[in-house]
Amino acid sequence: MNIKIMLSRLELLKIDLMANGMRVTKRARQALTQGGKVPLSLFEYATTTGIPLKFKGSDIYVNSPFGEDFCRNANWKLHSNDGTFFLLSEKGEQQEVEPIPLPSYFNKRNPKGEKWSWFAMTHTDRVRISPIAGCFFSCQFCDLSRTYRYQKKSIDDLIDSIRVALSDPILPAKHILISGGTPKPSDENYMDSVYERVTQEFNVPVDVMMIPRRDPSYIDWLYSIGVNELSINLELFNQDFANRIMREKSQIGIAKYLQFLERAVKIYGKNNVRSILIVGLEPIEDTLKGIEALAERGVSPVLSPFRPSPKTPLAHLLPPTKEQMIEVYERGAEIVDKYGIKFGPRCIPCHHNTLTFPDGSSFYKYS
Ligand code: SF4
């Protein structure tokens with residue numbers, strides 16, 4: 001079946017915000033920061049540097065950039081009255097929004113005096129833990145290896161941080177993602193212990209973001225311990241761009257990625273394995289080839305628009321334009337539809353930093 005995508009007004013608004021950002025008025029800033037007590041964003045990872053907003057009357061979430069240089073001339077402005085009402089406006093157009101707050105633990109410390117946010121951070125309804133600080137790799141779009149020295153974190157502290165996040169009084173997490181930096185091969189056993197402990201301790205879905213391991217049957221073990229879904233990210237499909245921008249990941253080889261993804265789909269089922277493709281760092285035609293390569297294997301592509309991070313060699317680049325995002329989304333949607341695949345992720349609040357929209361089907365859900 002050939003579908004024709006017609007993006008709605010709110011879907012186009014989300015894309016506009018991801019491409020151009022927004023400006024935040026003084027009153028909205030005052031309201032969101034509670035008079036300067038809370039930051040607007042923790043700026044702790046490139047794709048989560050914005051303010052997460054939910055469009056009122058819809059299930060559309062967006063993480064709207066506001067602090068980067070490219071937002072200076074943004075058309076949309078975020079307004080507020082007394083902090084109970086937030087509105088985006090541009091030349092007579094308006095949209096009421098609900099800002100999603102930071103969790104209350106964002107600046108609190110554990111009994112050892114370490115910030116909980118060193119271990120965990122919640123965005124919308126998902127808590128992400130980062131067992132490895134820094135990263136064994138050094139992709140040019142990512143600031144992890146440039147911000148933190150490589151080190152493993154205590155598993156007990158990670159577990160405690162998840163407990164704090166799940167019971168947060170302001171933003172209680174509903175599900176868990178184990179992500180963070182890529183471990184050295186010698187630390188893979190440590191990561192396995194993290195996966196095992198987290199899946200044993202908590203009764204909420206636990207997803208894992210990882211690079212392929214040498215042995216594809218490793219997937220069977222992840223499934224056996226109760227890992228809910230996997231995200232194994234191609235990021236870029238054009239291998240020349242991949243070699244230049246993410247050398248270590250590209251050395252794993254696209255064939256190895258695809259083989260690992262195929263095994264994952266065999267175990268987890270179609271549409272239950274995700275893979276991020278970054279939009280805006282390679283020609284659109286290559287991203288579309290990547291979408292096809294994933295969809296034909298039963299993998300759910302996650303379109304993640306590039307957002308420049310100041311500490312990285314790609315800080316000078318701009319995000320993809322609104323028109324580029326629309327083109328990738330529309331043409332990509334026709335491809336995934338051909339294979340009975342949906343864009344990921346499934347979780348609706350987790351759409352905030354991806355080009356994904358709920359379509360009314362049961363595939364997309366609140367965790
Ligand atoms: S492997 Fe992942 S965490 Fe590490 S530098 Fe690349 S994108 Fe960042």
Side-chain angles (χ1 to χ4, degrees), residues 42-49 63 117-121 123 126-153 158 176-188 190-191 194-195 207-214 218 229-254 256-258 260-261 264 273-282 286-287 290 294 299 301-315 317 319-320 344-345 350 353-354:
L42 296 181
F43 295 100
E44 47 103 55
Y45 190 72
T47 55
T48 57
T49 53
N63 186 285
S117 59
W118 172 243
F119 302 98
M121 185 41 61
H123 294 285
R126 181 177 76 188
V127 54
R128 183 207 66 232
I129 59 160
S130 306
I132 302 286
C135 185
F136 186 46
F137 292 173
S138 189
C139 305
Q140 292 196 6
F141 51 81
C142 175
D143 60 10
L144 278 196
S145 65
R146 294 167 178 89
T147 310
Y148 306 109
R149 183 175 58 81
Y150 181 99
Q151 58 186 293
K152 291 178 282 183
K153 298 177 191 172
L158 289 163
I176 302 165
L177 174 70
I178 307 177
S179 172
T182 295
K184 294 176 182 171
S186 55
D187 289 332
E188 286 178 351
Y190 157 79
M191 286 304 285
V194 176
Y195 299 152
D207 293 356
V208 163
M209 193 175 272
M210 63 183 299
I211 60 162
R213 291 279 182 98
R214 280 172 299 281
Y218 176 73
E229 276 188 19
L230 299 178
S231 188
I232 303 152
N233 304 329
L234 288 184
E235 325 268 14
L236 296 171
F237 195 69
N238 179 312
Q239 291 309 288
D240 290 336
F241 282 77
N243 276 333
R244 264 184 280 136
I245 296 175
M246 41 175 229
R247 192 176 46 83
E248 298 99 334
K249 284 192 104 175
S250 84
Q251 280 171 350
I252 294 169
I254 189 96
K256 175 90 184 172
Y257 265 91
L258 294 175
F260 203 72
L261 283 161
V273 178
R274 309 191 291 273
S275 184
I276 289 177
L277 288 167
I278 302 174
V279 178
L281 287 183
E282 64 182 350
D286 291 309
T287 308
L294 294 169
V299 178
V302 177
L303 299 179
S304 174
F306 167 69
R307 198 176 288 185
S309 174
K311 291 180 200 140
T312 66
L314 303 188
L317 297 183
C350 292
N353 57 358
T354 66

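Start at 1 and go down the list; that is how both ligands and their atoms are numbered. Just so it is clear, the values below take in all heavy atoms, side chains as well, and ignore hydrogens, waters and symmetry mates.
- For Y195, there are no side-chain hydrogen bond (donor to acceptor under 3.5 Å, both in side chains) partners at least two apart in sequence or on another chain.
- Exactly one of R274, R128, R126 qualifies for a salt bridge (Lys or Arg N to Asp or Glu O under 4.0 Å) with D207. That residue is R274.
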Test I252 against F137 for side-chain contact (heavy atoms from CB on, under 4.5 Å), laying out the working first. CA-CA 12 Å; I252 294 169; F137 292 173; 4.1 Å; yes

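- Here is the list of ligand 1 atoms found below 4.0 Å of a heavy atom in F141: 7 (S).
- The side-chain hydrogen bond (donor to acceptor under 3.5 Å, both in side chains) search around D143 returns S309, not counting sequence neighbours.
- Protein N/O/S atoms found under 2.8 Å from atom 4 (Fe) of ligand 1: C135 SG.
- Counted by atom type alone, E282 and T287 present one or more donor-acceptor pairs between their side chains at under 3.5 Å.
- Residues satisfying the ring pair (Phe, Tyr, Trp, His ring centres under 6.0 Å) test with Y190, not counting sequence neighbours, are none.
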